[in-house]
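Read the structure below first, then the notes.
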Protein chains: 2
Amino acid sequence: MTGKENEPAFRGYGRSLPMALLRARDTVMNRFRPILRAHDITEQQFRILRALTSANELRAVDVSKSTLLSPPSLSRTIKGLEQRGLISRRMEQDDQRAFLLSISKKGAALVAKIGQQSEAEYLDIESRIGAKKMDQLHKLLTEVDEKI
Amino acid sequence: MTGKENEPAFRGYGRSLPMALLRARDTVMNRFRPILRAHDITEQQFRILRALTSANELRAVDVSKSTLLSPPSLSRTIKGLEQRGLISRRMEQDDQRAFLLSISKKGAALVAKIGQQSEAEYLDIESRIGAKKMDQLHKLLTEVDEKI
DNA sequence: TATCAACAGTTAACATATCAACTAAATTCT
DNA sequence: AGAATTTAGTTGATATGTTAACTGTTGATA
């Protein structure tokens, strides 16, 4: 008896890292989805808006990378955000292919509002998991990004 | 000086747990996507197939829950898998509303093959992160599911 | 038992994702 | 300089995701 007779030839759900990450993200997002929804913003839209609050201006390609949205998705999502006056674009002088995106005051206000409401959820999450473990988790996730 | 003057009113990318989870999952999936693709299987299809290898028969609703696929998505994805002969369904006697899904031999063979190829990637990932930290990560992710 | 609520699964309508192919501009190479 | 390659972004075709509404059970309630 090796104790492994009944193990499948492949990794079951319990040891599937992608599945564990997906499940955890889904669980966490359950907290934030109502907030986004109340402001009529999708997850993807919010990712873009928040990325743009981290800098004055960003190239679309950089937003694409930092939000993990594919260029086509980004291209289409941007249109709606522009039409709603949440972001704006301007051509880049040095490179006629590219343009720079920036968040509008209205957009920044929306992100601030959503961020404010989200903070309550974050604090509750942190109180349930513990600040130390949350820190550990963030570190491990960063490590996955950097080493894999 | 509190050292926090320049912090945004909302959580930046660095402290966004959903984003960190998404990013980590994307990084890990980069390893597995080529394998799935080589077998002409999507991530979602594989989630279903693997869920079905964990039991003889499962109700669609249970597959939906364990794969995190919405009932409509599952409903449509199942059709393709059935047509490819990878799974089969039969009506449940006790409940005429439901049916039971099971994986076929062909499906099981496919999952085994993919699982085998994936294992090499898993081992490499584990060697880069370390078994202890991988364990920690899994534990933390489980904790998020259970406590949030 | 008749009614009503809850549940399993599907369908339809619409939004988003993905992949390949494309335009146009910038880089690199010779 | 001129040709080939790379890069930024878009578009089209198709697949998948999402929400709401729907059919047909089953279960609870009165």
Side-chain angles (χ1 to χ4, degrees), chain A residues 18 22-23 25-26 29-30 32-34 36-49 51-52 57-84 87-102, chain B residues 18 22-23 25-26 29-30 32-34 36-49 51-52 57-84 87-102:
Chain A
L22 184 63
R23 202 181 296 286
R25 181 169 196 273
D26 184 66
M29 280 309 296
N30 283 334
F32 299 113
R33 271 188 274 264
L36 293 174
R37 193 159 191 184
H39 293 279
D40 198 28
I41 287 281
T42 66
E43 287 181 38
Q44 295 84 347
Q45 289 172 334
F46 188 66
R47 299 220 297 269
I48 295 171
L49 292 177
L52 291 177
E57 287 184 314
L58 283 176
R59 303 183 93 188
V61 65
D62 293 323
V63 175
S64 174
K65 279 171 195 156
S66 74
T67 58
L68 296 183
L69 291 170
S70 66
S73 289
L74 182 68
S75 177
R76 283 161 180 145
T77 307
I78 280 173
K79 285 178 193 165
L81 293 174
E82 252 186 310
Q83 285 168 1
R84 285 173 67 176
I87 66 173
S88 65
R89 78 170 83 187
R90 72 176 184 87
M91 275 314 186
E92 191 171 23
Q93 293 303 329
D94 306 352
D95 189 340
Q96 292 298 113
R97 294 170 301 181
F99 52 79
L100 295 164
L101 293 169
S102 55
Chain B
L22 184 63
R23 203 179 297 284
R25 180 168 198 274
D26 184 66
M29 280 309 297
N30 283 336
F32 300 112
R33 271 188 274 265
L36 292 174
R37 195 159 190 183
H39 293 279
D40 197 28
I41 286 282
T42 66
E43 287 182 39
Q44 295 83 349
Q45 289 171 335
F46 187 66
R47 299 220 296 270
I48 295 171
L49 292 178
L52 291 177
E57 288 184 313
L58 283 176
R59 304 183 92 189
V61 65
D62 293 324
V63 175
S64 173
K65 278 171 196 158
S66 74
T67 58
L68 296 182
L69 291 170
S70 66
S73 290
L74 182 67
S75 179
R76 281 186 301 206
T77 307
I78 280 174
K79 285 179 195 166
L81 293 174
E82 250 187 312
Q83 285 168 1
R84 284 173 67 177
I87 65 172
S88 65
R89 79 170 83 188
R90 71 173 185 88
M91 274 314 186
E92 191 171 20
Q93 292 303 329
D94 306 352
D95 189 339
Q96 293 298 113
R97 293 170 301 182
F99 54 80
L100 295 165
L101 293 170
S102 54

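This one's a predicted model, so the numbers in the text were calculated from it and none came from an experiment. In the text below, chain A, chain B and the rest are named by the order of the sequence lines, each starting its count at 1.
An OP1 or OP2 oxygen of dG17(D) is reached within less than 4.0 angstrom by a side-chain nitrogen or oxygen of Q44(B). Checking the phosphate oxygens (OP1, OP2) of dG17(D), no side-chain nitrogen or oxygen of S70(B) falls inside 4.0 Å. Distances shorter than 4.0 Å separate none of the side-chain N or O atoms of S73(A) from OP1 or OP2 on dT16(C). OP1 or OP2 of dT11(D) has at least one side-chain nitrogen or oxygen of K79(A) nearer than 4.0 Å. Not one side-chain nitrogen or oxygen of R47(B) sits closer than 4.0 Å to the OP1 or OP2 atom of dT16(D).
The side chain of R97(A) lies closest to dA24(C), out of dT10(D), dT10(C), dA24(C). The side chain of T77(A) sits closest to dA17(C) out of dA17(C), dT16(D), dT26(D). Residue V61(A) places its side chain closer to dA8(D) than to any other of dA8(D), dA13(D), dA26(C). Nearest to the side-chain atoms of F99(B) among the listed nucleotides dT10(C), dA8(C), dT25(D) stands dT10(C).
Regarding R59(B), its CZ atom lies at a distance of 13 Å from the P atom of dT10(C), rounded to whole Å. Going from atom CG of D26(A) over to atom C1' of dT18(D) covers 13 Å, rounded to whole Å. Counting to the nearest Å, the C1' atom of dT23(C) and the CG atom of D95(A) are 14 Å from each other. Computed from coordinates, the L100(B) CG to dG9(C) P distance equals 9 Å when rounded to whole Å. To the nearest angstrom, P of dA15(C) lies 18 Å from CD1 of I78(A). As rounded to whole Å, 17 Å separates atom C1' of dG9(C) from atom CZ of R90(B). One can place CG of D40(B) at 16 Å from P of dT14(D), the figure rounded to the nearest angstrom. Rounded to a whole Å, the CE atom of M91(A) is 12 Å from the P atom of dA24(C).
At distances below 3.5 Å, not a single donor-acceptor pair connects side-chain atoms of R23(B) with backbone N or O atoms of L68(A). For S64(B) (side chain) and S70(B) (main-chain N/O), no donor-acceptor pair under 3.5 Å exists by modelled atom type.
If you check every strand for non-hydrogen atoms under 4.0 Å, R33(B) touches nothing. At the heavy-atom level, L69(B) lies under 4.0 Å from the strands shown only through sugar-phosphate atoms. T42(A) comes within 4.0 angstrom of sugar-phosphate atoms only, judged by non-hydrogen atoms across all strands, and of no base.
The end-to-end axis angle of the helix from dT1(C)-dA30(D) to dT30(C)-dA1(D), rounded to 10 degrees and based on five pairs per end, is 30°.
Each of R37(A) and A98(A) lies near DNA chain D, and the nucleotide nearest A98(A) is the one positioned closer to the 5' end. Nearer the 5' end of DNA chain C, as judged by each residue's closest nucleotide, is the contact made by A60(B), out of A60(B) and R76(A). Nearest-nucleotide positions on DNA chain D for L74(A) and L68(B) put L74(A) closer to the 5' end.
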Assess the residue pair R37(B) and R33(B) against the criterion (side-chain contact (heavy atoms from CB on, under 4.5 Å)); give the C-alpha distance rounded to whole Å, side-chain angles, the decisive distance to 0.1 Å, and a yes or no.
CA-CA 6 Å; R37(B) 195 159 190 183; R33(B) 271 188 274 265; 5.9 Å; no
Walk me through whether R59(A) and L101(A) qualify under side-chain contact (heavy atoms from CB on, under 4.5 Å).
CA-CA 6 Å; R59(A) 303 183 93 188; L101(A) 293 169; over 6 Å; no
Carefully, step by step, assess K65(A) and L58(A) under the rule side-chain contact (heavy atoms from CB on, under 4.5 Å).
CA-CA 11 Å; K65(A) 279 171 195 156; L58(A) 283 176; over 6 Å; no
Output, in order, the C-alpha distance, side-chain angles, deciding distance and verdict of side-chain contact (heavy atoms from CB on, under 4.5 Å) for M91(B) and F99(B).
CA-CA 4 Å; M91(B) 274 314 186; F99(B) 54 80; 4.0 Å; yes
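The shortest side-chain heavy-atom distance between Q45(A) and L36(A) does not fall under the 4.5 Å cut-off. Residues R25(A) and R25(B) have side chains not in contact (no heavy-atom distance under 4.5 Å, counting atoms from C-beta outward).
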